[in-house]
Enquirer: 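Attaching a single structure in structure tokens format; questions to follow.
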Amino acid sequence: MLRTHTCGELNKAHIGQEVVLCGWARSIRDHKDIIFINLTDCYGWTQVCMTPAQAAGINKEDYLQIKAKVIPRPPESLNTKIPTGEIEVQCIEYTIISKCTKELPFEILDNLDIREDIRLKYRFLDIRRPIMYSRLRFRSRLVKAVRQALEQERFLEVETPMFVRSTPEGSRDFLVPSRIFPGQFYALPQSPQLYKQMLMIAGVDRYYQFPHCFRDEDPRRERQVVHTQIDLEMSLVSQEDIFNVVEKIMYSAYKELFGVELKLPFPHYTYYEVMRRWGIDKPDLRFGMELVDLADAIPGCGFSVFEEAIAKKHYVKGIVAPGCAHFTRKKLDELEAFAKTFQVKNLFTFKVHNHALEGNASKKVQPQTLQKILELSQAKEGDLILVCAGPYNFLHRALAELRKLLGKELNLIDRSQLQFLWVTDFPLFEWDEEAQRWAPMHHMFTMPNPKYLDTLEQNPGEVTGILYDLVFNGVELGSGSLRITSPELQKRIMKMIGMSEEQAYARFGFLLDAYQFASPPHGGMGIGLDNLAMTLLGLENIREVIAYPNASNGTFLHDGSPALVEQDQIDELHIAIKQPKPEPEKKA
RNA sequence: GGGGUCGUAGCUCAAUUGGUUAGAGUCCUGGACUGUCGAUCCAGUGGUUGCGGGUUCGAGUCCCGUCGGCCUCGCCA
């Protein structure tokens, strides 16, 4: 090794020793007769003292190897903020191993406020910042804790293919053209789903992996085109068995990372219960403001918007914003505009004033209705009631987002709480308006709840699956299901979503075949690792926990991909590039 | 694909109603200074105002287009 110690480990015990340290010169403080340099590596930093003659020619971020003697600091110069703060090292001799010859695009500081694309382009400098290194380390420890918990439970780590058959269902595939077979393509896996199922058929019994998953969809704050999962699958299990294992994983992670012992088991709620009470399948239970169903107040209310909603079997529901009756017209307009981004057509507000309701819609409904709304909502003096009328999905989404927004703005969230929960019994299908057919909510290999087995086809919308999500503080960490292992049942499901047997075999023949060779019943779960790391750190940008993330347009700024390639390479792949037509020149 | 917002020195920002030579902090360079620790003090370098058009006597500022960042809706079994 070119060093005897790291820059973070020297302390009083080393005083008098001669050591060799390597690191970057992060801060150079010249006091004429003595020069201080913070020699830094990812483990910390050590103050190096140099004479003016020695320090000549050293620039910030030069990479140095320093032979030095460990000496105590003068009592008035102790630095209690860092572990090495009781000592410093007196430079004996040094080598500049590598010069920093360019001006830094930004300073290597933890509290940095610059455009993110610059950080992404110079990611190697960004990661030199201690806060970024600590996030990578956090993630590494998280993976280690999860792995330990899984190994403890006799899971076997198995890698699944990175080149797979394209499955046009679900999200868009990334495709890789075949050189050897013109016109044929590999796909990068959206998830290892089918391959882990086949591992169960293979008798692996308990599988896990931290696979990369590729989805060619527009990225988001909490989403990447390439993300990492904690993926697992188990044979011979009930839903509860999987919950147990995942709870152990989360327990292990919390213990390792925060020294906190989570309370197990996590509570369970059904999908329809969380939708009814919080309007969303991943509710944040750290604060109240549950949705209130106002349907009972509507008959005879005199307001056509409400009455028509009920007549159409839509909903009229609301939430109570505590102490918000003072909101200005402008603020209420903002809330309405916010709600409308979620495709509801209206938002009505009622202020509780002198134990009566006032507000934009209060004159449109009968007085007895107002009284009923007040009772149903249990709103108190000074509260604001926000009411929406509309179809199930849009209405619940809008109210849930309003609840989330107000919970944040009104500071209602108790940040000391760790609200894990399981959401179970999701519907198996959802109606695809565009395609005019039923589509699987999760994926088509999900086991329906047994009680619907005889009547699947009669009312697909009511069928629930053995299908569950793990939710934490309003964030969906992962989802999973028990799988269909019967080829007959699988065929029925495929037929229900409008897939002919021919199509099914063309796409999934390998899996359907496999299930004809006898399979143990099995199920599993996938948890988004990036998302989990971000959430546990309380961050809101997934790129902060990924070494080389993509920017929000899906490009990678650290190496400039995607990029053009040589025509030869394209020719070898037997493909032609169809350039978008250039815009016609505008007349002057 | 839609909407919002931003783009001025390496970085973070300012620049009055469209009006003189586009400023400040920081970084960098040089100098001063026995103890700093994101040192301090002094001086200096540093600009195609993202790019292309247009309006105007005059554009960082107004208009059109375009490119890029971030957020968001759609999308994401």
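Basis for what follows: all heavy atoms, side chains included, without hydrogens, waters or symmetry-related copies. In what follows, every chain begins at residue 1, and chains take the letters A, B, ... in the order their sequences are listed.
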Enquirer: Side chain of A/Asn111 only, please: which of B/C27, B/C73, B/G38 is the nearest?
Expert: B/G38
Enquirer: Run through A/Gln490, A/Gln197, A/Lys491, A/Met494 and flag the one making a side-chain contact (heavy atoms from CB on, under 4.5 Å) with A/Ile484.
Expert: A/Gln490
Enquirer: Report yes if at least one side-chain N or O of A/Thr341 is closer than 4.0 Å to OP1 or OP2 of B/C73; otherwise report no.
Expert: no
Enquirer: Could you tell me how far apart A/Lys102 (NZ) and B/C28 (C1') are, to the nearest whole angstrom?
Expert: 14 Å
Enquirer: Measure from NZ on A/Lys81 to C1' on B/C37 and round the result to the nearest Å.
Expert: 8 Å
Enquirer: With a 4.0 Å limit, can you tell me whether A/Arg543 has a side-chain N or O closer than that to the phosphate oxygens OP1/OP2 of B/C71?
Expert: yes
Enquirer: Find the distance A/Asp30:CG to B/G30:P and express it as a whole number of Å.
Expert: 11 Å
Enquirer: Rounded to the nearest Å, what distance is computed from the CD1 atom of residue A/Ile114 to the C1' atom of nucleotide B/C27?
Expert: 12 Å
Enquirer: Of the options B/C76, B/G10, B/G35, whose atoms approach the side-chain atoms of A/His31 most closely?
Expert: B/G35
Enquirer: Using the C1' atoms only, state how far B/G7 lies from B/G47, rounded to an integer number of Å.
Expert: 15 Å
Enquirer: Specify whether A/His212 and A/Phe214 have parallel, tilted or perpendicular ring planes, treating 30° as the upper limit for parallel and 60° as the lower limit for perpendicular.
Expert: perpendicular
Enquirer: Can you classify the ring geometry of A/Phe106 versus A/Tyr122 as parallel (below 30°), tilted (30 to 60°) or perpendicular (above 60°)?
Expert: perpendicular
Enquirer: Is there a donor and acceptor pair closer than 3.5 Å between the side chain of A/Arg119 and the base of B/G69?
Expert: no
Enquirer: Below 4.0 angstrom, which residues in residues 485-510 of chain A have at least one non-hydrogen atom near RNA chain B?
Expert: none
Enquirer: Applying side-chain contact (heavy atoms from CB on, under 4.5 Å), can you list everything that pairs with A/Pro391, at least two apart in sequence or on another chain?
Expert: A/His314, A/Phe394
Enquirer: Round to a whole Å and report the spacing from CD1 of A/Ile28 to P of B/C33.
Expert: 19 Å
Enquirer: How many Å lie between CG on A/Asp117 and P on B/C70, as a whole number?
Expert: 6 Å
Enquirer: Does A/Phe338 have any ring pair (Phe, Tyr, Trp, His ring centres under 6.0 Å) partners at least two apart in sequence or in another chain, and if so, which?
Expert: A/Phe342
Enquirer: Is a donor-acceptor contact shorter than 3.5 angstrom present between the side chain of A/Glu88 and the base of B/G35?
Expert: yes
Enquirer: For A/Phe106 and B/C11, say yes or no: do the ring centres fall under 5.5 Å of each other while the ring planes differ by less than 30°?
Expert: no
Enquirer: Check the distance between B/G3's C1' and A/Gln343's CD and give it to me in whole angstrom.
Expert: 13 Å
Enquirer: Return the value, rounded to whole Å, for the distance between atom CZ of A/Arg115 and atom P of B/C11.
Expert: 7 Å
Enquirer: Can you identify which nucleotide, out of B/C27, B/G74, B/C71, has its nearest atom closest to the A/Arg221 side chain?
Expert: B/C71
Enquirer: Indicate yes or no: does A/Glu86 engage A/Arg73 in a salt bridge with an N to O separation below 4.0 Å.
Expert: no
Enquirer: Which nucleotide in the list B/C70, B/C11, B/C28 gets nearest to the side chain of A/Ile118?
Expert: B/C11
Enquirer: For the pair A/Phe426 and A/Tyr271, name the ring-plane relationship: parallel under 30°, tilted 30 to 60°, perpendicular over 60°.
Expert: tilted
Enquirer: What I want to check is whether an N or O donor and acceptor connect the side chain of A/Glu107 with the base of B/U26 at under 3.5 Å.
Expert: no
Enquirer: Please give the distance between the P atoms of B/U17 and B/U61 as a whole number of Å.
Expert: 15 Å
Enquirer: Under a 4.0 Å N-O cut-off, is there an ion pair linking A/Asp62 with A/Lys99?
Expert: yes
Enquirer: Is there a donor and acceptor pair closer than 3.5 Å between the side chain of A/Arg29 and the base of B/U34?
Expert: no
Enquirer: Identify whether any heavy atom of A/Asn38 sits under 4.0 Å from a base atom; if not, whether one sits that close to sugar-phosphate; answer base, sugar-phosphate or nothing.
Expert: sugar-phosphate
Enquirer: I'd like to know if A/Arg492 pairs up with A/Glu457 as an ion pair, taking the criterion as any Lys NZ or Arg NE/NH1/NH2 lying under 4.0 Å from an Asp or Glu carboxylate oxygen.
Expert: yes
Enquirer: Is there a donor and acceptor pair, one atom on the side chain of A/Asn553 and one on the base of B/G68, closer than 3.5 Å?
Expert: no
Enquirer: Sticking with atom P, work out how far B/A59 lies from B/U21, rounded to a whole angstrom.
Expert: 12 Å
Enquirer: Side-chain donor or acceptor of A/Arg223 under 3.5 Å from a matching atom on the base of B/C76?
Expert: yes
Enquirer: With rounding to whole Å, what would you report as the distance between B/C76 and B/U8 at their C1' atoms?
Expert: 38 Å
